Each structure stands twice: as C-alpha cells, then as structure tokens.
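The structure appears right after this line, and notes come after that.
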Amino acid sequence: MKATEQTSWRPIVTAFVIWFVHFMVSWGASEIWPLQWTANAVAWGSTAIALLAVGAHYVRLTAHHADGGLPGWSYHFARGAIAIATVAVMFSALPSFVFLP
C-alpha cells in the first residue's frame with residue numbers, strides 16, 4: 001500500500017530560502033566592508049555553504065520522492081527551484097570574483 005501523497009510547498013520554497021539567505025549575507029558583507037577582502041571572503045564562504053545546502057536539499061528531495069512521499073508535479077517544481085537557486089547563488093557571488101580590491 002502506497003503512502004498518502006501530501007502536497008507541500010516546502011521543497012519548492014526551501015531552495016529559494018537558501019538563495020535568499022546567501023544573497024542577504026553577501027549583500028550585508030559588501031555593505032559592512034565595502035571594497036575590502038573581508039567582504040569577498042564572506043561572499044566566497046557563504047557561496048560554498050549555500051551550494052552545499054542546495055546539494056543536500058537535492059539529495060533529500062530525491063530520497064523523499066523515491067519513498068513516495070512527494071507527488072510528481074511537486075518534485076519537478078522543486079527540482080526547477082533548485083536549478084534556479086543554484087544559478088542565482090553563483091550569479092550573486094560573481095561580483096566578488098570580478099571586482100577584487
């Protein structure tokens with residue numbers, strides 16, 4: 001007997017929350033330490049952490065879907081959100097690599 005499939009927006013929103021936190025940390029560092037190496041180091045560190053978090057979210061999402069706990073449409077939307085969030089994290093870290101002090 002298959003478990004009851006529950007529709008949840010949490011897997012979709014989680015990827016965007018990871019990107020939002022990364023963006024706010026990077027932006028905050030650039031406001032606190034404008035044009036300094038410290039801001040770039042914080043941006044690089046937060047980028048690594050955010051990409052690891054997105055990767056962990058993807059692994060957890062795939063396992064949850066394989067167990068039958070996530071409907072197909074929600075799984076596909078969540079995978080799209082993960083792809084968008086991954087690109088957004090890398091794109092928001094780009095200025096710290098381009099504009100070195």
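These numbers come from a predicted model, not from an experiment.
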Exceeds 12 heavy-atom contacts within 6.0 angstrom, atom CZ of Phe20: no
Anything under 3.5 Å between a donor and an acceptor, one on a side chain of residues 77-101, the other on a protein residue two or more places apart or in another chain? List them.
{"from": "Thr86", "atom 1": "OG1", "to": "Ile82", "atom 2": "O", "distance (Å)": "2.7"}
{"from": "Ser92", "atom 1": "OG", "to": "His22", "atom 2": "ND1", "distance (Å)": "3.2"}
{"from": "Ser92", "atom 1": "OG", "to": "Ala88", "atom 2": "O", "distance (Å)": "2.9"}
{"from": "Ser92", "atom 1": "OG", "to": "Val89", "atom 2": "O", "distance (Å)": "3.1"}
{"from": "Ser96", "atom 1": "OG", "to": "Trp44", "atom 2": "NE1", "distance (Å)": "3.0"}
{"from": "Ser96", "atom 1": "OG", "to": "Ala93", "atom 2": "O", "distance (Å)": "2.7"}

Least distance between heavy atoms, Pro11 atom then Leu70 atom: CG-CD1, 3.9 Å
Cluster link Phe23 to Val21, ILVMFWY, side chain under 4.5 Å: no
Residue pairs fulfilling side chain to side chain donor-acceptor pair (under 3.5 Å) with at least one residue in residues 30-40, sequence neighbours excluded: none
Trp9 and Trp73 aromatic ring geometry - parallel, tilted or perpendicular at 30°/60° bounds: perpendicular
Common cluster, Met24/Trp19, ILVMFWY with side-chain heavy-atom separation under 4.5 Å: yes
Minimum heavy-atom distance between Ala43 and Ser46, given as atom pair plus value: O-OG, 3.1 Å
Close side-chain approach of Ser74 to Ile12, heavy-atom, < 4.5 Å: yes
Co-members of the apolar cluster containing Leu35 [side chain, <4.5 Å]: none
Value rounded to 0.5 Å, distance of CG in Leu61 from CZ in Arg10: 13.0 Å
Verify same cluster id: Leu51, Val25 (apolar side-chain graph, 4.5 Å): no
